Amino acid sequence: MMPGQIAKFGNSAAQLLLGGLAALRSFGTGEKDRPAVGDDSRQDIRDLRDAVKQWREVFEHNPVMYFMVDPAGTVLNVNTFGAAQLGYTAAELTGQSVLNVFFEKDHDFVRQCVGLCLETVDQSHTWEIRKIRKDGSVLWVRENAKAMLRGDGTPVVLVACENITQRKEAEDALRQSEAYLAQAQELSRTGSFGLSPTTGEIFWSRETFRIFQCDPATQPNLGFVFQRIHPEDRDAVRKTLDRAFHEAEDFDHEYRLLMPDGSIKYLHSVARAVRRASGCVEFAGAVTDVTIAKETEQRLRRSEAYLAEAQRLSHTSSWAWDVRRQEFAYRSAELYRLFGFEPDQIDVPARAFQQRILADDFQRIADVERRAIHQGEPFEIDFRIARPDGSIRRVHTEGHPVKGRDGDVMEIIGTHVDVTEQFVAKQALQKAFDELKQSEQRFRDYAETASDWFWETGPDHRITRISEHADTASPVPTGLIGLTRWDLPPDAEFEPEKWEQHRAALDAHLPFRDLVYRGRDRNGSPIYVRTSGKPFHDENGSFLGYRGVSSDVTAAIRTEQAEDALRKAQAELAHVTRITTLGELTTSIAHEINQPLAAVISNADACIGWLGRAPADLDAARRSVEWIVEDANRASEVIRRIRALAKKTEIEMVPLDINQVVREVMALVRRELATHAVSVRMELASGLPNICGDRIQLQQVLINLVMNGIEAMQANVELPRELAIRSSRDGDGHLLLTVTDRGVGLDSDVTDRIFMPFFTTKSSGLGMGLSICRSIIEAHAGRLSAFPNEGSGATFQIALPFPHEAAS
Ligand code: ADP
């Protein structure tokens, strides 16, 4: 009972004493109060005195504290025991306010109690309250009090106090330990319960109420419990309880609650079966809310799944290596996959893994591992794995030694990352990079060695800028900033017209292209420069100068010049050869001329004869003269042709009737053919378009081929000496002219070489004829080729394009 609670109190030792005390008070204690009495009365008085003495003894030494307080709260009397309990003497307390032995904050309560007693005289009241000892310590008492009227009618309050400090402390301790238990239950989310299946009675601790979200004021029952249990778990729980009850055995199970808000709680419940004396089985147990643990476990499982997935995706595996056992303490599923095992082959020994590491690499790993264990330092190493399918995987691994309590490394934890793809990509990248570097170098070389350079001139046409490489390495002729293009070239004065035109174009701010001029390089050597440029303007359209590119075309120009020289030399050679051929033809030609000249002479003689007659036969004479003219013309024609052949003329490309060219040649070689008893068959296609060519050169080619054919048939005794000359057109729009003989023919090894200069099989041959013929035909955009005939002899074929078809 706490202060503030006053109860009516029934009969007790304290009450009895209070009664006694009241009796004593009514008798009085002082001698002066004694009335004059007789013997009987004296005896009575003696008895009374004894009684008073006894009662005083009882009063003073009864182990109950007695206080007598007046309505103002002043202590009128206190027994020795009571005063001693509070650390005072009775004299110290008597006359003092009773409030002094109470806590200040309890004073009102004390006044209230005294007041209540005074209002209800002769009625007992009881309450519990703290008192303060003289030394300041606390004393819990149960006070039993009642007001009585004294003889004079004034009230007095009699209080008997029982020391209940011990009980209070025990109660406090119990309350405290209950509080601790409740707190512990709350903290551990474990509630306790008692269950009597027979009666259906249930006892729950505060935490159990909280777990089941049940109002602690209500009485829980099994119906309510099952209502809370998740429907899916109800059967299982019922079975567990039934079995435990029937077998009177402990149970330990897990189930879920479906809470009113739809959330789920996971409970773990354990209970001990207790058989009562009545034979009934009861259970006392604990129920723990393991939701957090369950969810954490689920989260953990999920995060483990995520980790496994992440490892699979990132080709990363993790492991822990037990150094003492030389065995894995842990290895992730991905590690199995990396080494080519199935993740469910859990009993694969570490040795099997090690055997898949390439021997050289394994040795390195062992060294590194030894060092790491010795130094306790983390390490990184790359190695290769040979999988059973023959593939090689490259792995990058990182390991961290973990020390035990004794300071020795007991485990190494680490990761393996499959870097095969990165390795391949890196190699490809490296290769690409190397190639890029090479090509960059190549282009740098090209750029640095290129003869092109860029330049810029200002409005006054003086060079303002010139590209870097040209400025440093290459021999740039116009690399002098501040000069104009025509300040330097030595040909400026030789070709004034060209430069005038160029300067006019510049002044008109016109673009120019492929201006070639002579200059000098840094070393002073003459070079040819080709340059092009275009004007540039500012945003307002004002002319700022020219930008352009120049190149050193010396090599090209020199090549052109060399080609020119070669062409000239070839023409010279052709001429010389022609002359030589003509030399060879001299006899035939002489004969060709002599014959008409002889006819002229004889016809002249005849003419003279006809004229000398009388009368002169003028008709006959005219006929003779006409023959003379004809023959003379024939002779002069031959001479004209020979002269043309012998003349050194410039090449003249004109439209030509190839059949006509053939006929002209035949006129020249006719005698030669006859001399060598060679018959000629001409099969010239009619209606051929003209070709474009140089008459003399084509004649030269044809003469050459005919002469070679004659020579090839020189040795023919059995075979007829026959030369066929054919003109035709092929399907590709070419004129074909062939010279076919029946001579020695061409061996395959010779066919390739006959067009080479100086190749000859003749003792007096020059070996230049065919080579000149080919270059002449090629200069006509045609082709000269030779084939052995089916039977005997060889065929030489000239293919020339018809002009309009060549143009198409
Ligand atoms: P040359 O007549 O001075 O030898 P050519 O260049 O005209 O020079 O001929 C080169 C060589 O080609 C000849 O020596 C000969 O061996 C071969 N040749 C040329 N024409 C014929 C041909 N019609 N039949 C066989 N061989 C030939």
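What you see is a predicted model, and the numbers here were worked out from it, not measured in a lab. For ligands, and for the atoms within them, numbers begin at 1 and follow the listed sequence.
- Per-residue contacts place I754 under 4.0 angstrom from the following atoms of ligand 1 (heavy atoms of the residue considered): 12 (O), 17 (C).
- Counting non-hydrogen atoms of neighbouring residues, nucleotides and ligands closer than 6.0 angstrom, the CZ atom of R465 reaches no more than 12 such neighbours.
- Looking at V744 against ligand 1, only its side chain comes within 4.0 Å, counting heavy atoms.
- Between the side chains of W455 and T464, not a single donor N or O lies within less than 3.5 Å of an accepting N or O.
- In terms of protein heavy-atom proximity, atom 15 (C) of ligand 1 is nearest to T761 OG1, 3.3 Å.
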Derivation and outcome, salt bridge (Lys or Arg N to Asp or Glu O under 4.0 Å), residues R695 and E652: CA-CA 8 Å; R695 181 187 298 274; E652 202 183 359; over 6 Å; no

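- Residue, atom and distance of the protein heavy atom nearest to atom 5 (P) of ligand 1 are L770 N, 3.7 Å.
- Close contacts of ligand 1 with A712, meaning ligand atoms under 4.0 Å from a residue heavy atom, involve 22 (C), 23 (N), 24 (N).
- Proximity of a side-chain donor or acceptor of R721 to a complementary backbone N or O of M713 within less than 3.5 Å is detected.
- Counting heavy atoms closer than 4.0 Å to ligand 1, residue F796 contributes side-chain atoms (C-beta onward) but none from N, CA, C or O.
- Using modelled atom types, one finds no donor on one side chain facing an acceptor on the other under 3.5 Å when comparing T738 with R726.
- Nearest protein neighbour of atom 19 (C) of ligand 1, counting heavy atoms only, is N708 ND2, 3.5 Å.
- Inclusion of S771 in the set of residues having an N or O under 3.5 Å from an N or O of ligand 1 is not warranted.
- Using a cut-off of 4.0 Å between Lys/Arg side-chain N and Asp/Glu carboxylate O, R681 and E722 are scored as salt-bridged.
- Proximity of the aromatic rings of F512 and Y546 is defined here by a centroid distance below 6.0 angstrom, and this criterion is met.
- A heavy-atom separation below 4.0 Å is found between G745 and ligand 1.
- Contact check on E456 versus R462 returns no salt bridge, with no Lys/Arg side-chain nitrogen under 4.0 Å from an Asp/Glu carboxylate oxygen.
- When the shell of 6.0 Å around NZ of K431 is examined, it contains 12 or fewer heavy atoms from other residues, nucleotides or ligands.
- Residue contacts with ligand 1 for L705 are absent, since no atom lies close enough (heavy atoms, distance under 4.0 Å).
- Scanning all protein heavy atoms for the shortest distance to atom 4 (O) of ligand 1 gives T760 OG1, 2.5 Å.
- Under a 4.0 Å N-O distance rule, the pair E711/K762 qualifies as a salt bridge.
- The K762 neighbourhood of ligand 1 comprises atoms 1 (P), 2 (O), 4 (O), 13 (C), 14 (O), with distances under 4.0 Å to a heavy atom of that residue.
- Under a 4.0 Å heavy-atom criterion, G767 is in contact with ligand 1.
- Regarding atom 26 (N) of ligand 1, its nearest protein heavy-atom neighbour is L746 CD2, 3.7 Å.
- In this structure, the protein non-hydrogen atom closest to atom 23 (N) of ligand 1 is D741 OD2, 2.8 Å.
- Remark: ligand 1 atoms within the under-4.0 Å shell around heavy atoms of F759 are 10 (C), 11 (C).
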